[in-house]
Number of protein chains: 2
Amino acid sequence: MANSAIQRLLHPRSIAVLGASDNPVKLSGRPIELMKRFGYTGRLLPVNARRAEVQGLPAYRDLDEIDGEIDLAMVMLPADKVADGLRDCAARGIPAAIVGASGFAEIGARGEHLQRQLEAVIAETGIRVLGPNCLGMFSLRDRAMPTFTSAMDDSSALVDGPVAFVSQSGAFGTFIFSAAQHAGLGISHFLNTGNEADLSVAEVLGGLVETDGVEVLMAYLEGVHRGRELLAVARRAHELDKPILVVKVGSSEAGARAAQSHTASLAGEDAVFDGAARQHGIVRLAGQEQLLDTAQVFAGGRRARGRRLSTLSLSGGAGVLMADVASDNGLLVQPWDQAWQQQMAAVIPAYGSPRNPIDLTATLISDPDLLRRGLDVAVRHPGTDMIAVLLGNADNASAQLIDAIEQAHRATDRPLVVVWTGGSGRPRRRLQELGIPCFTDPGRAAAALGKLADFSLRPPLPEPQRPDDVDEQVVRAIIQDLRDEGRTQLDEHESSRLIAAYGIPCAGAFPARTPDAAVAAAHELGGPVAVKLLSGSIGHKSDIGGVRLGLTHDAEIRVAAEELLTIARETGDPGARLLVQRMAAGTELIVGVKRDPAFGPVVVVGFGGVLVDVLADSRVGVAPLDVDAAERLLLSLRGSRLFGEVRGKPARDLGAAAEAVARLSWLAHDLADDIAELDVNPLLLGEAGEGVIAVDCLAVLTPAE
Amino acid sequence: MANSAIQRLLHPRSIAVLGASDNPVKLSGRPIELMKRFGYTGRLLPVNARRAEVQGLPAYRDLDEIDGEIDLAMVMLPADKVADGLRDCAARGIPAAIVGASGFAEIGARGEHLQRQLEAVIAETGIRVLGPNCLGMFSLRDRAMPTFTSAMDDSSALVDGPVAFVSQSGAFGTFIFSAAQHAGLGISHFLNTGNEADLSVAEVLGGLVETDGVEVLMAYLEGVHRGRELLAVARRAHELDKPILVVKVGSSEAGARAAQSHTASLAGEDAVFDGAARQHGIVRLAGQEQLLDTAQVFAGGRRARGRRLSTLSLSGGAGVLMADVASDNGLLVQPWDQAWQQQMAAVIPAYGSPRNPIDLTATLISDPDLLRRGLDVAVRHPGTDMIAVLLGNADNASAQLIDAIEQAHRATDRPLVVVWTGGSGRPRRRLQELGIPCFTDPGRAAAALGKLADFSLRPPLPEPQRPDDVDEQVVRAIIQDLRDEGRTQLDEHESSRLIAAYGIPCAGAFPARTPDAAVAAAHELGGPVAVKLLSGSIGHKSDIGGVRLGLTHDAEIRVAAEELLTIARETGDPGARLLVQRMAAGTELIVGVKRDPAFGPVVVVGFGGVLVDVLADSRVGVAPLDVDAAERLLLSLRGSRLFGEVRGKPARDLGAAAEAVARLSWLAHDLADDIAELDVNPLLLGEAGEGVIAVDCLAVLTPAE
C-alpha cells in the first residue's frame with residue numbers, strides 16, 4: 001500500500017531516528033533537537049547502539065527494542081551503512097524511511113554503487129524511501145520534523161498554513177521555505193526529495209494533494225524523470241481545485257546544461273514540460289519570489305469569476321501602472337459603466353476618477369474613510385471580479401485604512417489584494433496576518449492575480465476519449481509489414497496511410513513507377529498535381545529537388561517524373577517510385593509527433609513558414625489530447641491570430657485543425673512504442689467549413705528490439 | 001539663465017517660504033518643520049504677514065523685508081493667490097519657485113484658468129517654476145527640503161546617495177522614495193514636477209545630470225509632452241555615463257486611457273516613447289521594484305565589460321535558476337575553460353561543480369572559507385565580466401561570508417552582486433551598507449545586471465550626419481507644386497520622387513495614360529512588369545484590385561491596363577493614370593514615416609507579411625538616425641533572424657536596408673513640417689551586396705495652414 005506509506009511519512013505517529021546523536025548541534029542530533037523544541041506530538045524514538053539516553057529521551061539500542069508500531073524511520077547513518085539500516089527498518093515493519101546521508105549518485109561514479117544497493121533494498125523490501133541526499137521533511141500540523149535543516153536555527157515559532165512545499169533541492173528549498181516564513185506565508189509541510197532513489201516529487205505531491213488542510217501545492221523541480229506521474233497528480237489536483245505551483249529550472253540552454261551537471265536530473269526538453277504543465281493546469285512560475293507571491297493569493301482560497309479587475313488607488317499614477325501590468329498579465333481593467341461611475345463619484349473627491357482605475361486621490365491620507373466609502377461601492381459592483389487597493393507610505397493613517405480593507409474583504413468573496421508601497425512595512429504584515437494578500441509592487445500583485453485568474457477559469461480536464469472511427473489495426477498491420485522488412489523509415493505514401501487510418505484527410509495521391517503511370521495518375525486525380533519522389537530511404541526530398549508542384553500538362557508531368565527518377569538513381573535509391581498528388585491550398589500548419597524521455601508521446605504544433613522558422617513559435621501537448629485541449633494548444637501559438645480573419649483572408653477552420661491534432665495525438669498514444677517520430681508538414685488548413693488536408697507526411701519507427 | 005535658475009532650485013542657499021505656518025503639522029508648516037528637523041544648511045526665511053516668528057524662526061511680513069539674495073521661493077499659498085505671489089517673487093529677483101497648491105489644470109475646467117494665469121506670469125517674468133500641484137523637492141546634500149511630503153514623518157535619518165529621482169506623480173513618487181530608503185538606496189534629490197506649468201521632468205533631469213555627485217537619474221513619468229527635450233538630456237547623460245532609469249506608465253491600452261483621465265498628460269503612443277528611449281540609452285523599467293533594483297546595481301558606479309556572468313552558489317539549483325534568468329536577460333553563463341575549471345575544482349568539494357554556474361555546495365555553511373577560496377579564483381578569471389554570489393539562510397555563518405564577499409568586491413572592479421534568499425535579512429542589509437548590491441531573488445538580480453550590461457555596452461550616440469547627396473530642394477519643389485494645386489495626397493509616382501531625391505533606389509517605372517502607352521513603357525523597361533493604378537485620390541489601390549503583377553506579354557499588359565482604367569472610372573478618379581513598373585524581388589520590409597505629437601518625426605520599420613500583420617512586430621526610431629542606429633533598429637525586430645541565412649536563403653543586405661532607413665529618417669526630419677506620413681511598402685531587400693529597392697510608396701502632406 002504505497003499510498004498508505006506516503007501518508008505515514010507525511011503524518012507519522014511515531015518516528016525512529018537511527019543513529020540519533022546526543023549532541024543537538026550535530027546533523028544526526030538535529031532531528032531530535034527540532035522535534036523537542038517544536039513539540040512533536042507523536043512518539044520520538046532515538047536509536048543509538050551506545051547510549052541509553054539521547055538528548056534527555058530514552059534511547060533504544062536497536063529497532064527491535066521498540067514496542068508498538070513505527071510509522072517512519074529517519075536514517076541518520078553514513079552512506080555505506082544505509083542499505084543495512086533500511087533492511088532492518090523493513091524487517092521491523094516500518095513502511096517509510098528518510099535517508100539523509102549524501103555520498104550516493106550525486107557524487108558520481110563513487111556513489112553510484114551505493115545508490116544501486118539502496119535501490120535494490122527498496123525493490124526487495126517495498127519500503128518507501130525519501131532521499132538519499134535529502135534534508136528530510138517536516139509537517140507542522142503534528143510538529144513531525146525528521147530533518148536536519150538549519151533553516152529553523154533562528155526560529156522559536158513557525159507559521160503554519162494551507163501551503164505544502166516539495167523541493168528536489170535541499171538548500172534552495174529551505175531558502176524558499178525561510179523566505180515564505182518571513183513573508184508570512186504559512187507552510188504546512190516541507191519535503192526534500194533529494195536523489196529520488198524511490199519517492200519522486202510527483203508521488204509526494206500525490207500524497208499531499210489528498211491531505212485535508214493542504215490547499216496549495218508548491219514544488220521546486222530541477223528535472224522530471226517520470227512526467228506522467230506528475231500529470232496524474234495534476235489531474236487530481238485540478239479536480240480538487242488545489243493549484244500546483246511549480247518552479248522548474250533549466251528553461252534556458254545554459255540552465256539545462258547546468259542542471260545536468262548539478263544533479264543526476266535530466267532537465268529534459270523544457271518546452272515539453274511547459275506544454276504538459278499548461279495542459280494540466282499546473283501553474284509554472286519563474287522563480288521563488290513569484291512562487292511565494294502566487295501562493296499568497298491562492299492561500300486565501302478565493303477564486304476569480306472572471307478577469308475584470310477594479311483598482312482603487314491613493315495615487316492616480318499607481319492606478320495607471322497597475323492597469324498596464326494587469327493587462328500584461330491577462331487581466332482586464334475596464335471603465336465602469338456610467339451608473340456605477342456615478343455611485344463611485346458620489347463618494348470620492350471631484351478631482352479623483354471614478355472610471356476604473358479608480359483614483360481616490362491623496363486626500364485619502366487626511367480622510368482615510370474615503371477608502372471605506374470607495375470599497376463599499378466596489379464590493380457591490382457586479383462587473384468587478386477582483387479588487388486591488390493601491391496604497392503607499394501613510395503609516396499614520398494605516399489603522400483606519402486596514403479596517404476599511406478588512407471590512408471590504410469580509411463583505412465580498414472575490415479576491416482582494418493590497419499593494420502597499422513604501423512606509424514602515426508594518427501595515428503590510430498586519431494585512432498578511434489578516435489573510436489579505438499584500439504586495440509592495442503593482443507588477444508582482446498583477447502577476448499573482450493573473451495566475452489566480454488563469455487557474456480559476458481553467459478549462460475542464462476530462463480524460464480524452466479515443467475517436468471511435470480510428471483503425472488501429474490497419475496501422476499495426478502496416479508497421480508489422482515494415483518490421484518484417486527490417487525497415488524503420490516510412491515513405492510518404494506509407495506515412496500517409498498511418499494518419500489516414502486515424503481519420504486525417506490526406507490529399508488524393510497515387511504512387512507511380514514510370515512517367516506514363518504518373519500521367520495516368522494525374523488524369524485519374526484531375527486538376528493540377530504535385531509529383532514527388534517516393535522513397536523509404538530519402539528523408540528530406542524537397543532538399544534535393546524531389547518535389548515538383550502545380551503541374552497541369554501531361555508534358556510537364558512527364559518531364560518532372562523523368563527528372564525525379566534520375567535524381568533517385570543519382571542519390572542512391574534506384575528503387576524509388578513517384579507519388580502523384582492532387583494540389584491543395586490553405587494555411588500551412590506543422591503537426592509533429594515524438595517521444596519525450598520524461599513525458600512519452602507528445603504532439604508539437606506550429607504554423608509553417610516564418611513563424612516556426614524565425615520565431616520558433618511552436619507548442620507541445622502531451623498525447624492523447626481531446627479536441628478542446630487541441631484547440632487551446634493551437635490558440636496558444638503566438639501567431640494564433642492567423643486562425644481568424646487576417647490580411648483579407650476569412651477565418652480558418654480551427655475546429656478541423658483541432659480535430660486533426662487530437663487524432664494525431666491518439667496515433668502517438670496508441671503506437672507510442674512503435675512511432676519514434678512523425679511529421680505532417682504541411683497540414684493545410686482551409687476556411688471555416690473546408691477542413692484540413694495533409695499534403696506531406698513522414699514517419700520513422702523506433703528501432704527494432 | 002534658465003539653467004542657473006534650475007541649479008538654484010536644486011541647491012538653494014536661501015529659501016523663502018511664502019505663507020509659512022507656525023503649525024508644523026499643517027501642510028504650510030511642514031517645509032519649515034522638515035528643514036528644521038533635518039538641518040537645512042542655508043538661510044530659511046518664513047514669510048507670514050501676520051506673525052513675527054514661525055516655528056521659532058524670525059518671520060518676515062513680505063519678501064521686501066528680507067535682506068540679501070533669495071535663491072528659491074516655496075509658495076504655500078492657495079491656488080488663487082499663487083499668480084500674485086509669483087509676481088512678487090519675480091519682482092524680488094527670485095529666480096525659481098515651487099508651487100505646492102492644487103486646484104489648477106488637474107481639476108479640469110475650474111482650474112484651467114488659474115493654470116493659464118500662472119503660465120502667463122511665468123512667461124512674463126521669466127521665473128522658473130516647479131509645479132503647481134506638486135509636493136516640492138528636497139536635496140539631501142544641503143538638507144534643503146521645500147516640500148510638504150509626509151514621506152519622512154517616521155524618519156529621523158535619511159540615506160543619502162548618488163541617485164536623483166524626478167517624479168511627475170507626487171504620491172507615487174514618495175512611495176518609491178520611501179521604498180528606496182527602506183531598501184537602503186540613497187537618494188540625493190527628489191523632485192515632483194506636478195502639473196508642469198513650466199519645468200518638465202526633462203528640464204529637471206537636465207539640471208541633475210550636470211550635478212556633481214549625482215551618478216544615477218531615476219524618473220517616473222505619466223506622459224511626455226516635449227519628447228525632444230528628454231532626448232537631449234539623454235544624450236548628455238549618455239556622454240557623462242550617467243544612466244537615466246525610467247518608469248513610464250501607459251504602456252497598455254487600459255493604462256493609456258487611464259493616464260489621460262488621471263492627469264492632463266497624454267500617454268502618447270507608447271511604442272514611440274519606447275523606441276526613442278532605446279535609441280538614446282534610456283533604461284526603461286516596468287515598475288518601482290525594478291527601478292530600485294536597477295538603481296542599486298548602478299549606484300555602485302561599476303560597469304560591465306561584457307555579458308559573461310559567473311555565478312558561485314551555495315545551492316546547485318539556485319545556480320541553475322540564475323543561469324535561466326540570466327539568459328532571459330541577455331547575459332551569458334558559459335562554462336569556464338578547462339584550466340580555470342581546474343583552478344576552481346582545486347578549492348571546492350569534489351561533488352560541487354567548477355564549470356559555471358559554479359556549485360560550491362551546502363558545505364559552505366559549515367566551511368564559510370570555501371566562499372573566499374572560490375571568489376579568489378573568480379575575481380582572477382579573465383573570462384568573467386560580472387559575478388553573482390548566491391546564498392541563502394545561513395545567518396550563523398554570515399559574518400565570514402560577508403567578509404569573503406567584501407574582500408572579493410575590493411579585489412575587482414567588475415560588478416559583483418549577491419542574491420541572499422531567506423534568513424533574517426540582516427546579512428542583506430549589511431551588504432547593502434557596504435555598497436554591494438544584494439537581492440532576494442535570482443530573477444531580480446539578473447534583470448538588474450542585464451540592464452547594467454546593456455547600458456555599459458551601449459553603442460555610441462553621435463549626432464547623425466545628413467548624407468551629402470540628398471536633394472532637399474527637389475523635394476521642396478515637388479511639395480510646393482502640390483501645395484499650389486491644393487493637394488495633400490501624393491500618388492505613387494510623386495511619392496517615389498520624394499524618396500528617390502533622398503537616395504532611396506526605386507524600381508524603374510513610367511506613368512502611362514493608355515494601354516498602348518503601358519505596353520510601350522513595358523518595352524522600355526524590359527522584363528516582367530507590374531501595372532498599377534496611379535491616382536492622387538485612391539489611397540489603397542491594392543484593396544480595389546488596382547495592382548497587377550508579373551505581366552510579360554503585350555496582351556496581358558493591355559488587358560490589365562484596360563481593366564485598371566475601368567476601375568479608376570468606376571471608383572471616381574477618371575483622371576487616374578497607370579504606372580508601369582519593373583518587377584523586383586526580395587525580402588519585404590515596411591518603412592514608414594510619421595509625426596508623433598511628443599517626439600516629432602519618427603520612422604517605423606517592420607517586415608512585411610505575417611510578422612507585422614499578425615505579431616505587430618515593428619519598431620520606432622526618432623528621426624534623424626545614423627546608419628548604425630538604423631541597423632540596430634532593424635536588428636531589434638523580433639523577426640531579425642530574417643536578415644541572416646534562413647530557410648535556405650542567403651543573408652540579406654542589412655547594410656543597405658539600414659542606409660535606406662537612415663535616409664528616410666532624414667527626409668522625415670528635413671520635411672517634418674510638410675510630411676504627415678509616408679510609407680514605403682514594400683521596400684524589397686536583396687541578398688548581401690544587392691541592396692534595396694522601393695516598389696511602392698505613398699506620402700501624405702500635412703494640411704495647408
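Side chains are part of it too, since the values below use all heavy atoms of this structure and drop only hydrogens, waters and symmetry mates. Quick note on labels: first sequence line is chain A, next is B, and so on, each numbered from 1.
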task: Using non-hydrogen atoms and a 4.5 Å limit, figure out which bit of A:A286 sits close to chain B: side chain, backbone, both or neither.
output: backbone
- line: In terms of heavy-atom pairs under 4.5 Å with chain B, the winner among A:S640, A:G173, A:G108, A:P335 is A:P335
- prompt: Quick one: of B:R110, B:R444, B:R638, who has the most non-hydrogen atom pairs under 4.5 Å with chain A?
  reply: B:R444
- prompt: What residues form a side chain to side chain contact (heavy atoms under 4.5 Å, CB included) with B:S102, not counting sequence neighbours?
  reply: B:E106, B:N133
query: A:Y220 pairs by ring-ring contact (aromatic ring centres under 6.0 Å, His included) with which of A:F175, A:F172, A:F190?
result: A:F172
Option in B:A323, B:S251, B:A394 with maximal non-hydrogen atom pairs under 4.5 Å from chain A: B:S251
- line: Under 4.5 Å to a heavy atom of chain B? For A:F177 that would be neither
statement: Taken to the nearest 0.5 Å, the spacing of B:L642 CG from B:L637 CG works out to 9.5 Å
- request: Taking all heavy atoms of A:R641 and all of B:D613, pick out the closest pair and write down the distance.
  value: NH1-O, 2.8 Å
task: Measure the CG-OG distance between A:D359 and A:S313 for me, rounded to the nearest 0.5 Å.
output: 6.0 Å
task: Under 4.5 Å heavy-atom distance to chain B, tell me which part of A:L391 shows up: side chain, backbone, both or neither.
output: backbone
query: What part of A:V646 is in contact with chain B, defined as an atom under 4.5 angstrom from a non-hydrogen atom: side chain, backbone, both or neither?
result: side chain
- prompt: Does any heavy atom of chain A fall under 4.5 Å from the side chain of B:N356, the backbone, both, or neither of them?
  reply: neither
query: A:D617 versus chain B, heavy atoms under 4.5 Å apart: side chain, backbone, both or neither?
result: neither
Partner residues of B:D395 under the side chain to side chain contact (heavy atoms under 4.5 Å, CB included) criterion, sequence neighbours left out: A:D154, B:S424, B:R426, B:P427
- request: Could you check which of A:P349, A:G425, A:G609, A:G644 has the highest count of heavy-atom pairs closer than 4.5 Å to chain B?
  value: A:G609
task: Grab the two heavy atoms, one from A:K248 and one from A:D270, that are nearest each other, plus how far apart they are.
output: NZ-OD1, 2.8 Å
